[in-house]
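Every heavy atom of this structure was used, including side-chain atoms; hydrogens, water molecules and symmetry mates were not.
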Amino acid sequence: MIITPGNCETGGTAALLLAAARNNAEWVAAVCRDGAFRGSVWSSVRRTPPLYPDAVSLTPQASAADVVDGIDTGSPGCSVKDSFASLDLAPAGFEVLFEARWIHRPAGPAGRAAPGTEWSGVRTAAELGAWEAAWDGGAGAGLFHADLLARDLVFLAGRSAGRIVAGAVASAGGGVVGVSNLFTADGEDCDPAVQSTAVDAAWAAVLEAVAARWPGLPVVGYEQGEYLEAAVRAGFTPIGPLRVWLHTG
């Protein structure tokens with residue numbers, strides 16, 4: 001199937017899942033600056049950066065051999081994104097690291113961002129470094145390279161008093177816009193009600209920015225736990241499971 005915005009919305013859940021998996025794999029490939037799309041899989045022969053998989057299944061027909069062949073299972077941290085939760089990678093030495101749900105929302109904004117927070121796209125390498133520091137709590141791993149700023153994606157930053165307090169990545173591809181890495185900088189010590197409100201406000205701002213930049217494109221992503229609940233409040237519908245497998249030997 002050739003995936004377009006039209007058949008993403010009209011082709012049902014199966015088309016949306018294919019589009020979401022492809023979009024996410026394109027984001028992974030952009031971050032990794034390596035790897036190749038081959039048939040039903042994207043994979044990299046070299047170990048990928050932390051938090052990013054070494055292989056991503058693109059269709060439910062992908063086999064365990066398809067995703068494992070050609071990736072480096074001999075060094076620590078090798079992982080596979082099983083986009084349709086359809087693989088059994090245990091015989092190849094993998095364990096399930098986590099499970100999540102793909103989500104979908106039709107095109108269009110969702111309310112208003114919280115007053116006092118100004119949202120804009122990151123434009124420079126220095127801003128990208130500040131965005132990543134807010135996202136990872138200042139770990140400063142240098143995961144996101146400046147070449148990403150030239151692609152059809154945007155690092156969205158919510159600022160309060162000049163400080164980045166929230167953000168997300170939105171990337172177009174596969175006939176959809178994928179949203180990932182959504183965060184608020186209130187941290188885990190924040191009162192749960194306050195944190196929930198901050199995440200809801202972040203979703204509203206992100207969806208407003210996506211609708212302005214890519215009008216008419218449906219929005220996808222994946223979430224789990226409280227962030228999944230927040231996505232549902234923002235108008236998303238869970239459409240299918242995924243798993244991430246970690247090689248343990």
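- Counting only distance, with no hydrogens or angles, the side chain of His104 and the backbone of Thr237 share no donor-acceptor pair below 3.5 Å.
- Within the 4.5 Å cutoff, no side-chain heavy atoms of Phe94 are placed close to those of Asp88.
- In the model, Asp72 has a side-chain atom that pairs as donor or acceptor with a side-chain atom of Ser75 under 3.5 Å.
- Here the side chain of Ser83 pairs a donor or acceptor atom with the backbone of Ser57 at under 3.5 angstrom.
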| request: Mind running side chain to side chain contact (heavy atoms under 4.5 Å, CB included) on Val219 and Trp214 for me, showing each step along the way? | output: CA-CA 10 Å; Val219 186; Trp214 296 285; over 6 Å; no

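- For the atom pair Leu16 CG and Ile239 CD1, the distance stands at 5.0 Å (nearest 0.5 Å).
- Glu118 places no side-chain N or O within donor-acceptor distance of the main-chain N or O of Ser160, the cut-off being under 3.5 Å.
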| said: Set out, in order, the CA-CA distance, both residues' side-chain angles and the distance that settles ring pair (Phe, Tyr, Trp, His ring centres under 6.0 Å) for Phe155 and Trp135, then state yes or no. | reply: CA-CA 11 Å; Phe155 288 81; Trp135 170 73; 9.3 Å; no

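- Scored by the salt bridge (charged side-chain N to carboxylate O under 4.0 Å, His left out) test, Glu223 finds no partners at all (sequence neighbours excluded).
- Side-chain atoms of Arg233 and Ser196 include a donor-acceptor pair closer than 3.5 Å.
- For the pair Glu99 and Arg243, the salt-bridge criterion is met [side-chain N within less than 4.0 Å of a carboxylate O].
- Formation of a donor-acceptor pair under 3.5 Å by the Asp66 side chain with backbone atoms of Ser63 is found in this model.
- Leu89 and Trp42 fall into different hydrophobic clusters, where Ile, Leu, Val, Met, Phe, Trp and Tyr are joined by side-chain heavy atoms under 4.5 Å apart, directly or via other members.
- The shortest heavy-atom contact between Ala230 and Val199 is CB-CG1, 3.5 Å.
- Here the straight-line distance linking atom OG of Ser79 with atom CG of Leu51 works out to 9.0 Å at 0.5 Å rounding.
- Between Val68 and Ala92, the closest heavy-atom pair is CG2-CB, 4.3 Å.
- Linking ILVMFWY residues whenever their side-chain heavy atoms come closer than 4.5 Å, directly or via other members, leaves Val56 and Trp245 in distinct clusters.
- Taking the six-membered ring for Trp and thresholds of 30 and 60 degrees, Trp102 and Tyr222 have ring planes more than 60 degrees apart, a perpendicular arrangement.
- For Glu127 and Arg159, the salt-bridge test passes: some basic side-chain N is under 4.0 Å from an acidic carboxylate O.
- A donor-acceptor pair is defined here as one N or O able to donate and one able to accept, closer than 3.5 Å; no such pair exists between the side chain of His145 and the backbone of Cys32.
- The side-chain heavy atoms of Phe98 and Gln224, taken from C-beta on, include a pair separated by under 4.5 Å.
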| request: Kindly determine whether Asn181 and Phe144 satisfy side chain to side chain contact (heavy atoms under 4.5 Å, CB included), including the steps that lead there. | output: CA-CA 12 Å; Asn181 302 77; Phe144 303 116; 3.7 Å; yes

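- Rounded to the nearest 0.5 angstrom, Thr184 OG1 and Tyr227 OH are separated by 4.0 Å.
- Checking side-chain atoms of Ser44 against main-chain N and O of Ile71 turns up no donor-acceptor pair under 3.5 Å.
- Using a 4.5 Å cut-off on side-chain heavy atoms (C-beta onward), Val169 and Val179 make no contact.
- Separation of atoms CD1 (Ile164) and OG1 (Thr117) is listed at 12.0 Å; rounding is to 0.5 Å.
- By the 4.5 Å heavy-atom criterion applied to side chains, Trp27 and Leu153 are counted as neighbours.
- Criterion: ILVMFWY side-chain heavy atoms under 4.5 Å apart, direct or through other members. Under it, Ile103 and Leu217 are part of a common hydrophobic cluster.
- At least one side-chain heavy atom of Asp152 sits under 4.5 Å from a side-chain heavy atom of Arg213.
- Salt-bridge formation is detected for the pair Arg47/Asp54: a Lys NZ or Arg NE/NH1/NH2 atom is positioned less than 4.0 Å from an Asp or Glu carboxylate oxygen.
- When only modelled atom types and interatomic distance are considered, Arg38 and Ser43 share a side-chain donor-acceptor pair under 3.5 Å.
- Nearest heavy atom pair, residue Ala125 against residue Ala146, reads CB-CB, 4.0 Å.
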| request: Evaluate the side chain to side chain contact (heavy atoms under 4.5 Å, CB included) criterion for residues Leu58 and Phe84: first the C-alpha distance (whole Å), next the side-chain angles of each, then the deciding distance (0.1 Å), finally the verdict. | output: CA-CA 8 Å; Leu58 303 174; Phe84 304 88; 5.7 Å; no

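- Separating the CZ atom in Arg22 from the CG atom in Leu17 is a distance of 15.5 Å, to the nearest 0.5 Å.
- Tracing side-chain contacts under 4.5 Å through hydrophobic residues (I, L, V, M, F, W, Y), one reaches Leu18 starting from Leu242; they form part of the same cluster.
- No side-chain heavy atom of Arg123 sits under 4.5 Å from any side-chain heavy atom of Leu149.
- The two residues Ala62 and Leu87 come nearest to each other via the heavy atoms O-CD2, 3.1 Å.
- Within the 4.5 Å cutoff, side-chain heavy atoms of Pro238 are placed close to those of Val232.
- Put simply, Val45 and Tyr52 are part of two different groups of oily side chains (I, L, V, M, F, W, Y) that touch within less than 4.5 Å, one to the next.
- Of all heavy-atom pairs spanning Gly178 and Asn23, the tightest one is CA-OD1, 3.2 Å.
- One finds the CG atom of Leu128 at 7.0 Å from the CG atom of Leu148 (value rounded to the nearest 0.5 Å).
- Across every non-hydrogen atom of Trp131 and Ala157, the tightest pair is CD1-CB, 3.9 Å.
- For the pair Val154 and Val122, the minimum side-chain heavy-atom distance is 4.5 Å or more.
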